[in-house]
Amino acid sequence: MYQIYPRSFADSNGDAMGDLPGVVGRLDYLADLGVDVVWLSPVYRSPMDDNGYDISDYEDVDPLFGRLADLDALIARLHQRGMKLVMDMVLNHTSVEHPWFRESRNPASPKRDWYYWRPARHRTLAGTPGAEPTNWASFFGGRAWAYDPTSGEYYLHLYTPGQPDLNWENPDVRQALFAMMRRWVERGVDGFRFDCINLISKTLPLADGPAGPDGLCHDAGVVADGPRFQEFVREMNQSVGLSERDLLAVGEMVLVDVPKARVYTNPDNRELGLAITFEHLELDHDPNGPKWSLKPYRLVDLKRVLAAWQNGLAGVGWNCLYLENHDQPRSVSRFGDDSPQFRALSAKTLATTLHMLQGTPFIYQGEEIGMTNAGFTSLEQYKDIESQNYAREALAAGTSESDVLAALAAKSRDNARTPMSWDASPFAGFSPVTPWLEVNANHTEINVAAALADQDSVYYHYRQLIALRHELPVVTTGKFTLLLPDDDRIFAYLRSTDEVQLLVVANWSSMPAEWPAGLPDVSTATLLLNTHSEATGGLAAWESRVYRLGANDRPDL
Ligand code: GLC
């Protein structure tokens, strides 16, 4: 699965913004890489408060990205090449500009109940600080309630005030959303990536949760996985025909744990197909500290978490394998070593480790050439609403500008949103004019053209990994066994079926390592893939290898 963030992929008409014809123009590139499915971040009509995750019309393309006919062309061209299209589907909230919400502003309208409108807290004066119906914080800063002076009530927005939460308790809301999705299926899309889907059911009555130091409840668990979540998702599955038509149903789930994801992605339950989870990406964050407080992660923890998900969903559900997307920093800067010496090697080794696991690997645009974090050094360079809100609040709370900049440089969503670096020209081949967000300064070296011209590039390593997965069923079906769980530099595991066993061994450090004791003998094994041309007795810095073990070397498990 290859994720395209359309705004930053390719600008075909010189308006500084990526668009659908730009995507169509690059399909050969994706086909050559070996991509099976494209996940397209939202292209619907939107005021773009949250870059399209605030939808004002689910059934039309925003003029920024083109026209419906361009989307039809994309679907047709993908299908011609044997690829599928997964559309992003934001169902927890709409934009405030959506006609449903505009109508809903009128308390007498039947649409009033389509959103969560609530009066002020008991014995408070509506519109004054603290009068909000609950103490919930928005994920993007501030409170989760916006006051509407006209009706004297508040509406709920778990994200920005421009993204009011839909009330899924109302059956008309569900029917309208399902009918809209059915029309997309008829149009030819092959599935959906459901945005923050486990927020659609809330526990009623909406009530205060545990308060943090600022008096607000930041505990996502209070608003996630409400009691009717499974019922709603089953109804959606049935009504849209997700299981029946074998459509891809990728659920992004906030704060989901293994037992829940196991149920949600169990095909017998006819709910969702794959789970996008977060536990492995929360290891470099201090849960008790402020937003984006930085904490070095430990490889042993990452291995433990990934192994728990591998084993936890095995035989029942299905994992999304990812280290990067449009909400996360670049993985080579976060988990690898993005210095010139080790950038390409570490990007390859992260990929080897991830792609040989069980699940569906997701590549986020630019990850396959080892793009790095944005390297921005001033607040003005950041455009993302979450980043801007964070900076404003942190500065107001007394955090120094240099600390704010350090947090943004490590965690801002704009790190992954810089325009795709296609070539070394001034705007990276993305656009003929200055793009909406600055290109990464290192596009002069790190770009698609350079990657394609270098047989040793990160790109060709990804191609090999994809080819291996396509060739070897064990990568899809094999049992996972973590090796060396306590080693803080080596990530090693087995994938086994009755017939075949693969050994993956990866040095996740910028120092060479001895061949670890405790690994199976590889003297008669076949080396299928290596980041380094010479396989020596030890492991070079950021070296990774994939072996097929010989019949006599296979450890008894
Ligand atoms: C998801 C999206 C993110 C968006 C949020 C609100 O987490 O991936 O980009 O801001 O939902 O829709």
Side-chain angles (χ1 to χ4, degrees), residues 1-9 18 39-58 62 65 86-98 101 115-116 136-142 144 146 155-166 168 177 192-200 202 218 220-221 223-225 250-256 272 274-282 285 291-292 320 322-330 362 364-365 367 382-390 411-418 436-437:
M1 181 100 63
Y2 187 94
Q3 184 192 353
I4 292 183
Y5 194 64
R7 202 180 172 83
S8 302
F9 192 64
W39 151 22
L40 191 64
S41 278
V43 291
Y44 315 96
R45 274 189 191 266
S46 163
M48 302 290 166
D49 253 19
D50 188 18
N51 293 357
Y53 284 88
D54 47 323
I55 298 172
S56 56
D57 182 351
Y58 287 96
D62 195 278
F65 298 124
V86 160
M87 296 283 279
D88 219 309
M89 203 30 93
V90 187
L91 302 174
N92 177 66
H93 43 265
T94 66
S95 159
V96 278
E97 300 293 324
H98 196 290
F101 187 76
Y115 295 83
Y116 285 99
W136 297 355
S138 145
F139 292 126
F140 286 171
Y155 66 85
L156 177 67
H157 60 85
L158 292 177
Y159 291 90
T160 74
Q163 294 165 298
D165 283 53
L166 279 163
W168 274 64
L177 292 172
F192 302 101
R193 175 265 187 193
F194 296 107
D195 190 69
C196 53
I197 191 68
N198 63 331
L199 301 180
I200 58 174
K202 276 102 176 153
H218 294 265
V223 291
D225 300 295
V250 185
E252 185 206 31
M253 290 184 270
V254 181
L255 219 84
V256 72
L272 296 164
L274 306 86
I276 300 182
T277 65
F278 291 91
E279 197 179 349
H280 65 300
L281 297 181
E282 276 155 14
H285 160 77
K291 187 176 175 92
W292 290 343
C320 294
Y322 80 105
L323 292 175
E324 215 169 281
N325 64 31
H326 65 295
D327 295 329
Q328 301 288 338
R330 290 289 186 179
F362 282 55
Y364 175 71
Q365 63 185 45
E367 184 179 3
Y382 291 94
K383 306 281 183 241
D384 165 38
I385 189 158
E386 182 185 30
S387 304
Q388 290 181 347
N389 288 353
Y390 159 76
K411 289 292 176 77
S412 167
R413 306 195 296 180
D414 280 341
N415 282 307
R417 297 178 179 187
T418 59
W436 71 277
L437 182 69

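Residues: numbered from 1 along the sequence shown. The structure presented is a predicted model; accordingly, all values stated were derived computationally and were not measured. Every number for a ligand or one of its atoms is a count from 1 in the order of the listing.
Residues forming a side chain to side chain donor-acceptor pair (under 3.5 Å) with E97 (at least two apart in sequence, or on another chain): R102. Here E324 pairs with R330, S331 under the side chain to side chain donor-acceptor pair (under 3.5 Å) rule; sequence neighbours left out. For the ring-ring contact (aromatic ring centres under 6.0 Å, His included) test, residues two or more places apart in sequence or in another chain that qualify with W39 are F362.
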Please tabulate, one line per pair, the protein N or O atoms found under 3.5 Å from any N or O atom of ligand 1, giving the distance to one decimal.
from, atom 1, to, atom 2, distance (Å)
ligand 1, 7 (O), E252, OE1, 3.3
ligand 1, 7 (O), E252, OE2, 3.0
ligand 1, 8 (O), R193, NH2, 3.0
ligand 1, 8 (O), H326, NE2, 2.9
ligand 1, 8 (O), D327, OD2, 2.5
ligand 1, 9 (O), H326, NE2, 2.9
ligand 1, 9 (O), D327, OD1, 2.7
ligand 1, 9 (O), D327, OD2, 3.4
ligand 1, 9 (O), R413, NH1, 3.3
ligand 1, 10 (O), D50, OD1, 3.4
ligand 1, 10 (O), D50, OD2, 2.5
ligand 1, 10 (O), R413, NH1, 3.0
ligand 1, 11 (O), D195, OD1, 2.9
ligand 1, 11 (O), D195, OD2, 3.0
ligand 1, 12 (O), H93, NE2, 2.9
ligand 1, 12 (O), D195, OD2, 2.8

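Side-chain contact check for K383 versus R417: every heavy-atom pair is 4.5 Å or farther apart.
At a cut-off of 3.5 Å, with distance as the only test, no side-chain donor of T94 or Y58 sits close to an acceptor on the other residue. Using modelled atom types and a 3.5 Å distance limit, the side chains of N51 and Y5 yield a donor-acceptor pair.
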